[in-house]
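A short worksheet on the structure shown next.
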Amino acid sequence: SKAPVRVAVTGAAGQIGYSLLFRIASGEMLGKDQPVILQLLDLPQAQKAVKGVMMELEDCAFPLLAGMIATDDPNVAFKDAQIALLVGARPRGPGMERKDLLSENAKIFTVQGKAIAEHANPDCKVLVVGNPCNTNAYIAMKTAEKVGRIPSKNFTAMLRLDHNRALAQLAIKTGRPVSSFEHIVVWGNHSPTMYPDYRFCTSNGESVKDLINDETWYREVFIPTVGKRGAAIIEARGLSSAASAANAAIDHIRDWWLGTNGRWVTMGVPSDGSYGIPEGIVFGFPCVCENGEYRIVQGLPIDDFSRERILATLNELMEEREGVKDLLG
Ligand code: NAI
């Protein structure tokens, strides 16, 4: 049987953690033959709640759960981790400016980036879920680069929920099953500036753009519906998306780890300069995964409308990067 994989999860006592941990332990992320050890990080005041989640994990008697620990020390949580899911973050409180949100999170993600770089497995795959996730991933990556043990390309951010939301809207609009769609992508920042792009999307090989044949719907309904879906969930539920966010995190890591068989998935990854996005900016790109590596899909035509949308979301990310520059030293 396989050696267990150490999976570190931060924010383990939170909402997303409660949807995520049970699915990892049941084998939905790394496969039904892959044992896992969960290394759970949360703040000191949340340790009791983490213990409660661990009691429930025990009570599931998952055959693949080979061990678990809880800690408030990032150096312990990330020790030898092959996968790190950075879910815990500082939420925006009342009266908190965007600038404060960025700097509060910068503190968290510099500490965690350093701990990962010093203690995790040298090939650790990192997914940042905690918002602002693109810039938090950028901060963790930049901090880790100072230590230099972990490749920068391993620091990714979660755009997969946006990708899945786009698929769901297209399935509803066309009445076709989600499984019939290929080649959707959401470019840019996980924020309302994101650009869900259906130009290459097919359903059973047919162009979805031609099937729908309604550019006004695309621009005025589809794009804003996907971009503001997070806010719509908060409005309806009184809490932010949790089960769907956990599901997207599972999808992101599973596809990175096991491959996509040529299918496109959206991942927030540090740019290598593709599509004119400055190197290092963590940006939603269409990716395919194989042998534990992702690759950005190359050579897609960018029309005027798409260029405008991609620049808008890029500008926001450049402003965020500017906002944390001093904190990175
Ligand atoms: P939550 O508030 O229920 O849980 C967050 C947990 O993180 C808490 O247990 C808290 O104690 C912990 N935490 C805070 N700071 C920490 C630190 N420095 N180290 C370790 N743990 C820490 O929040 P929820 O609903 O689970 O969401 C978590 C994050 O995910 C939020 O930032 C949210 O905005 C983000 N999110 C991102 C999505 C995406 O698509 N990228 C989608 C949905 C949520």
Side-chain angles (χ1 to χ4, degrees), residues 8-21 39-54 69-78 81 84-93 96 98 101-116 126-140 143 156-166 186 188-194 196 226-234 237-253 265-269 282-284 317:
V9 180
T10 77
Q15 284 206 89
I16 294 176
Y18 197 69
S19 289
L20 181 60
L21 296 171
Q39 306 190 158
L40 308 178
L41 180 72
D42 209 305
L43 298 173
Q45 63 268 30
Q47 290 303 306
K48 187 170 171 219
V50 177
K51 294 284 182 322
V53 176
M54 288 171 76
I69 57 148
T71 179
D72 59 10
D73 180 350
N75 296 336
V76 173
F78 295 121
L85 296 166
L86 309 190
V87 179
R90 178 76 195 270
R92 189 184 310 220
M96 205 169 152
R98 188 170 179 82
L101 181 75
L102 277 168
S103 61
E104 285 304 313
N105 278 293
K107 288 180 205 154
I108 296 172
F109 287 86
T110 47
V111 170
Q112 295 187 1
K114 182 163 185 279
I116 290 169
V126 182
L127 170 62
V128 179
V129 174
N131 282 318
C133 65
N134 297 56
T135 296
N136 289 342
Y138 173 82
I139 291 165
T143 313
T156 68
M158 195 166 90
L159 271 288
R160 185 59 176 267
L161 179 54
D162 310 302
H163 175 105
N164 289 346
R165 285 167 171 166
V186 182
N189 198 5
H190 171 69
S191 91
T193 66
M194 71 178 79
V226 175
K228 295 178 188 160
R229 186 69 163 181
I233 304 273
I234 293 174
R237 223 170 73 84
L239 288 166
S240 70
S241 340
S244 55
N247 179 68
I250 299 266
D251 284 352
H252 179 116
I253 295 290
V265 290
T266 303
M267 297 171 74
V269 303
V282 177
F283 202 82
L317 282 170

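Ligands are counted one by one from 1 in listed order, and the atoms in each one are counted from 1 as well.
- Remark: D251 pairs with R160, N164, N247, R254 by the side-chain contact (heavy atoms from CB on, under 4.5 Å) rule, at least two apart or across chains.
- Checking side-chain atoms of D42 against main-chain N and O of A13 turns up a donor-acceptor pair under 3.5 Å.
- With a 4.5 Å cut-off on side-chain heavy atoms, L86 and N136 do not count as touching.
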Provide, line by line, the atom pairs where ligand 1 and the protein bring an N/O atom each to a distance under 3.5 Å; else say none.
residue	atom	partner	partner atom	Å
ligand 1	3 (O)	Q15	N	2.9
ligand 1	9 (O)	G14	N	3.4
ligand 1	9 (O)	D42	OD1	3.4
ligand 1	9 (O)	D42	OD2	2.7
ligand 1	11 (O)	D42	OD1	2.6
ligand 1	19 (N)	Q112	NE2	3.3
ligand 1	25 (O)	Q15	NE2	3.0
ligand 1	26 (O)	Q15	N	3.4
ligand 1	26 (O)	I16	N	2.9
ligand 1	32 (O)	N131	N	3.0
ligand 1	34 (O)	N131	ND2	2.9
ligand 1	36 (N)	N131	ND2	3.4
ligand 1	40 (O)	H190	NE2	3.2
ligand 1	41 (N)	V129	O	3.3
ligand 1	41 (N)	M158	O	3.4

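- R229 contributes no side-chain N or O that, together with a main-chain N or O of A232, makes up a donor-acceptor pair within less than 3.5 Å.
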Please report, to 0.1 Å, the donor-acceptor pairs under 3.5 Å made by any side chain of residues 105-115, with sequence neighbours excluded.
residue	atom	partner	partner atom	Å
N105	OD1	R90	N	2.9
N105	ND2	R90	O	3.1
N105	ND2	L101	O	3.0
K107	NZ	E104	OE2	3.1
T110	OG1	A106	O	2.9
T110	OG1	K107	O	3.0
K114	NZ	E118	OE2	3.3

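- Checked against side-chain contact (heavy atoms from CB on, under 4.5 Å), S244 has the following partners two or more places apart in sequence or in another chain: L161, S241.
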